[in-house]
Amino acid sequence: MRAETLSREPGILIRRATLAPGEATPWHRDLCRRFTMVVRGDGLTIEYIDGERAQVDVHPGLADWEMPTERVHRAVNTGQEVFEEVVTFYLEHSDQDPQPEADRR
């Protein structure tokens, strides 16, 4: 996974992330509200620590609001193309990590 901070100001973090086919994000929690825009990609699966999986049909231009969750999960690029997204995180405080890594226990 490659993640790049595009902008950070008080209360807002904008990040671009890319996943090669088969690549996954680290296990993490989502601690703040965010707006996600898919730049490219054709398949993504969200895997939860408890074994549940959710297939997400993605395509360039797909955009949506997402709410915080304490549920540990990761995203896996299950498509044939590189997956790329730009996410705007609405932080509760200026030094917040919006997606802290979690133990996989």
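Only a predicted model underlies this, so the values are computations on that prediction, with no experimental measurement involved.
Note on L44 and L62: same hydrophobic cluster, where clusters join Ile, Leu, Val, Met, Phe, Trp and Tyr whose side-chain heavy atoms are under 4.5 Å apart, directly or indirectly. In the hydrophobic clustering of this structure, V56 groups with L19; members are Ile, Leu, Val, Met, Phe, Trp, Tyr whose side-chain heavy atoms approach within less than 4.5 Å, directly or through other members. Under the 4.5 Å side-chain heavy-atom criterion for grouping Ile, Leu, Val, Met, Phe, Trp and Tyr, V86 is connected to W65 within one hydrophobic cluster. The hydrophobic clustering, which links ILVMFWY residues whose side-chain heavy atoms are closer than 4.5 Å, places V87 and I12 apart. Linking ILVMFWY residues whenever their side-chain heavy atoms come closer than 4.5 Å, directly or via other members, places F35 and L6 in the same cluster.
Within 6.0 Å of CZ on R8 lie more than 12 heavy atoms contributed by other residues, nucleotides or ligands. Summarising the local packing, CZ of R2 is surrounded by 12 or fewer heavy atoms from other residues, nucleotides or ligands at distances under 6.0 Å. Atom CD of E9 has 12 or fewer heavy atoms from other residues, nucleotides or ligands within 6.0 Å. Applying the 6.0 Å contact sphere to CD of Q55 captures more than 12 heavy atoms from other residues, nucleotides or ligands.
When all heavy atoms of R71 and Y48 are compared, the pair lying nearest together is NE-CD2, 3.4 Å. For the pair A17 and M1, the tightest heavy-atom approach, listed with the atom from each and the gap, is CB-CE, 4.2 Å. Closest non-hydrogen pair, A75 versus I46, comes out as CB-CD1, 3.9 Å. A pairwise comparison of heavy atoms in T88 and I14 identifies OG1-CG1, 3.8 Å as the closest pair. The nearest pair of heavy atoms linking A102 to R29 is CB-NH1, 3.5 Å. Contact detail for C32 and P98: the closest heavy-atom pair is SG-CB, 3.5 Å.
If you take CZ on F83 and CZ on R40, they are separated by 10.5 Å, rounding to the nearest 0.5 Å. With values rounded to the nearest 0.5 angstrom, T36 atom OG1 is found 5.0 Å from E85 atom CD. The distance from atom CG of D30 to atom CD of Q99, rounded to the nearest 0.5 Å, is 4.5 Å. With rounding to the nearest 0.5 angstrom, the CH2 atom of W27 is 9.5 Å from the NE2 atom of H73. To the nearest 0.5 angstrom, T5 atom OG1 is 9.0 Å from F89 atom CZ. Distance CG/D42 to NE2/H59: 11.5 Å, rounded to 0.5 Å.
Counting only N and O atoms by type, the side chains of H93 and D95 include a donor and acceptor under 3.5 Å apart.
Residues P68 and L31 fail the side-chain proximity criterion, which asks for heavy atoms closer than 4.5 Å.
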